[in-house]
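What follows is one structure encoded as structure tokens, with my remarks underneath.
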Protein chains: 2
Amino acid sequence: MKHVLHIKMNDSLFLRNPEQSELGKNIIKYSIEFINKQGFEVFTFKKLAEAIGTTEAGVYRYFENKHKLLLYIISWYWGWLEFQIVFLTNNIDDPIVKLKKIIKLLSTKIEDDLSTAHVNEALLHQIVISEGSKVYLTKQVESDNKHHFFKPYKDLCKLIGDIILEYNSKYKYSRSLASTIIEMAHLQNFFMQNLPSLTDFGKSKSTSDVIAFLNHLVFSSINNIDLENPPKKK
Amino acid sequence: MKHVLHIKMNDSLFLRNPEQSELGKNIIKYSIEFINKQGFEVFTFKKLAEAIGTTEAGVYRYFENKHKLLLYIISWYWGWLEFQIVFLTNNIDDPIVKLKKIIKLLSTKIEDDLSTAHVNEALLHQIVISEGSKVYLTKQVESDNKHHFFKPYKDLCKLIGDIILEYNSKYKYSRSLASTIIEMAHLQNFFMQNLPSLTDFGKSKSTSDVIAFLNHLVFSSINNIDLENPPKKK
DNA sequence: TTCAAAAGATAGTAAAACTATCAAAAATAA
DNA sequence: TTATTTTTGATAGTTTTACTATCTTTTGAA
């Protein structure tokens, strides 16, 4: 039997549920393609409508504005990713193994998950890297937060933070380290591709270097108990 | 004698040098105030012009568009910050002390530097936190990079990376760690204020916690030589 | 079959993001 | 000091974005 994965979304993100119609699914599908190719600034409902073969007003019936649509697809990604992590780390006891798998998952190119027909996760992953922070770097962050639009991201952060604590319950920065892992897995990839001198991976441009860096960073930190006096080298 | 600090800017960022006229300086000054208060998305040249008492066309004579203007003020900030760091760490030999001073500087609220009359660094620091990544998270990043618009940021990253190497010349991730320090000093502050559950500092909302986290992260990592097998706890 | 909901077609508005022109004022060079 | 170049001010116009409104046709569920 084929398993179909469904991500439960916050109702306030849309006016009409895009998953419940062909048009809605097309809006999601082509938004992802358009934003990935041209960038969020260039993306408009009019251009999207033309690409789908509907009208601008048609898109507005589903989403209030493009910011909400971006929030929708990014939230969807975090929900999907959380499931991937739960699945990937299921039945594994060792938190070291779990953390390494998570770092790898966050840093590596994602491939399209065929159990979600209208969403291309490979493209969505690229969007999260390039556009992800634009959903919270706004003056409406407080209001959006009150509507729980960042819950999937927070849940993911808690999930990772709890695994960190599972490994070292005395570690004082589990949430901050978790958000650092998520953000840096993406940002170091972006820098490596676009501004390589901000990284040490400009030559190889290989995600395995990003993974090695994050592993080193994370495990050095959570293995180091003495917070005030970190061990001297040699 | 009063020392007047001047930051040399990339000529391609502007059409007419804003530092060479009253109007130009007003454009910078009120842009910083406006973007800080209302956010970059809401900011337009028309609104800015009204606030200054000039016309939209007047602003367009100085800057091609608002993206260039943002690049200008953010670049200015990185240039200014690099000078602060050079000044702050001058005559200090110990790279540990230098790194700690840098982490503190990056994480703490900045106060207005009176030697730069038309720029309020306190506000600019807030802008860099909330809007800074928008200058490179675009599809034009490659073209902007070719014009060397990110040089001040890269220079800063190199400066910090070199201090890391000064401490531990075997450390393989000096640039990536440097960019991580810069980005995380800002992002953890933003999260702490706006999405506190992504950090461990929601209760205190204190920058000293951000500093402690970064110090722990950075020194744990650069003290840890054995890259493949980080020391086990206990 | 019927009738409500969704989609299509079309129109319209306010604001954003520019470009162009010409005259007045200010700075500077001869 | 006058002449001339540069900068600013005032005004106008265009295209695109970001919506809202209305009316008709299609669809699909009871």
Side-chain angles (χ1 to χ4, degrees), chain A residues 9 11-31 34-35 37-73 118 131 134-135 138-140 143-144, chain B residues 9 11-31 34-35 37-73 118 131 134-135 138-140 143-144:
Chain A
M9 300 297 294
D11 291 351
S12 307
L13 283 171
F14 49 77
L15 300 169
R16 185 172 297 172
N17 193 336
E19 282 177 329
Q20 280 166 10
S21 73
E22 272 313 301
L23 179 57
K25 282 182 225 166
N26 271 328
I27 289 173
I28 300 304
K29 185 179 172 194
Y30 287 96
S31 290
F34 193 107
I35 295 172
K37 198 170 278 172
Q38 312 246 44
F40 186 63
E41 281 73 33
V42 176
F43 171 76
T44 69
F45 279 3
K46 187 158 191 211
K47 292 174 192 162
L48 173 67
E50 272 160 30
I52 305 177
T54 184
T55 59
E56 214 183 343
V59 182
Y60 275 106
R61 286 195 187 106
Y62 283 83
F63 291 98
E64 221 179 302
N65 53 50
K66 68 177 192 168
H67 179 245
K68 285 267 173 74
L69 193 152
L70 185 65
L71 266 165
Y72 181 94
I73 64 172
H118 63 294
E131 322 283 356
K134 293 172 191 170
V135 300
T138 73
K139 291 287 165 185
Q140 330 149 42
S143 148
D144 284 351
Chain B
M9 300 298 295
D11 291 351
S12 308
L13 284 171
F14 49 78
L15 300 170
R16 185 171 297 173
N17 192 336
E19 282 177 329
Q20 279 164 15
S21 73
E22 272 313 301
L23 179 58
K25 283 182 224 164
N26 270 329
I27 289 172
I28 300 304
K29 184 178 173 195
Y30 287 96
S31 291
F34 194 107
I35 295 171
K37 198 170 279 174
Q38 312 246 40
F40 186 63
E41 281 72 32
V42 176
F43 172 76
T44 70
F45 280 3
K46 188 158 189 209
K47 291 175 194 163
L48 173 68
E50 272 160 29
I52 304 176
T54 183
T55 59
E56 213 182 344
V59 181
Y60 275 105
R61 284 191 188 111
Y62 282 82
F63 291 98
E64 222 179 302
N65 52 50
K66 68 178 193 168
H67 180 245
K68 285 267 174 73
L69 194 153
L70 185 65
L71 267 165
Y72 181 94
I73 63 173
H118 63 295
E131 321 283 354
K134 292 172 190 170
V135 300
T138 74
K139 291 287 165 186
Q140 331 150 42
S143 149
D144 284 351

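This structure is a prediction, so every number in the text was calculated from the model and none was measured. A note on names: the letters A, B, ... follow the listed sequences, proteins ahead of strands, and every chain is numbered from 1.
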Which nucleotide in D:dA21, D:dG9, D:dA18 has an atom nearest any side-chain atom of A:Ala57: D:dA21
Sugar-phosphate only, base, or nothing, as touched by B:Tyr62 at under 4.0 Å among non-hydrogen atoms: sugar-phosphate
For atom CD of B:Glu56 and atom C1' of D:dT15, their distance in whole Å: 13 Å
Plane angle bin for A:Phe45 and A:Phe43 - parallel if under 30°, tilted between 30 and 60°, otherwise perpendicular: perpendicular
N or O in side chain of A:Tyr60 less than 4.0 angstrom from D:dA21 OP1/OP2: no
Heavy-atom side-chain proximity of B:Thr138 to B:His67 below 4.5 angstrom: yes
Candidates D:dA18, D:dG9, D:dT17 - which lies nearest the side chain of A:Lys66: D:dA18
Partner of A:His118 under side-chain contact (heavy atoms from CB on, under 4.5 Å), chosen from A:Asn26, A:Ile28, A:Ile27: A:Ile28
Pair B:Glu41 + B:Lys134, salt bridge at N-O below 4.0 Å: yes
d(NZ, A:Lys68; C1', D:dC19) in whole Å: 14 Å
Contacts of B:Glu56 that satisfy salt bridge (Lys or Arg N to Asp or Glu O under 4.0 Å) - sequence neighbours left out: none
Length of the line joining A:Leu69:CG and D:dA18:P, which is rounded to integer Å: 12 Å
Distance in angstrom units between A:Glu41 CD and D:dT16 P, rounded: 19 Å
Earlier contact from the 5' end, DNA chain C, for A:Gly58 and B:Val42: A:Gly58
Distance, rounded to the nearest Å, where B:Asn17 contributes CG and D:dT7 contributes P: 11 Å
Between B:Tyr62 and B:Ser21, a side-chain donor and acceptor under 3.5 Å: yes
Sugar-phosphate, base or nothing in reach of B:Glu22, heavy atoms under 4.0 Å: nothing
Span of DNA chain C in contact with chain A (heavy atoms, under 4.0 Å): C:dA6 to C:dT10
Whole angstrom value for the distance that separates C1' of D:dA18 from CD of A:Glu50: 15 Å
Nearest-nucleotide comparison on DNA chain D, the residue closer to the 5′ end among B:Ser21 and B:Thr55: B:Ser21
Nearest-Å distance for atom pair CG/C1', residues A:Leu15 and D:dT20: 13 Å
Length of the line joining B:Arg16:CZ and D:dG9:P, which is rounded to integer Å: 11 Å
B:Lys47 atom NZ: more than 12 heavy-atom contacts under 6.0 Å: yes
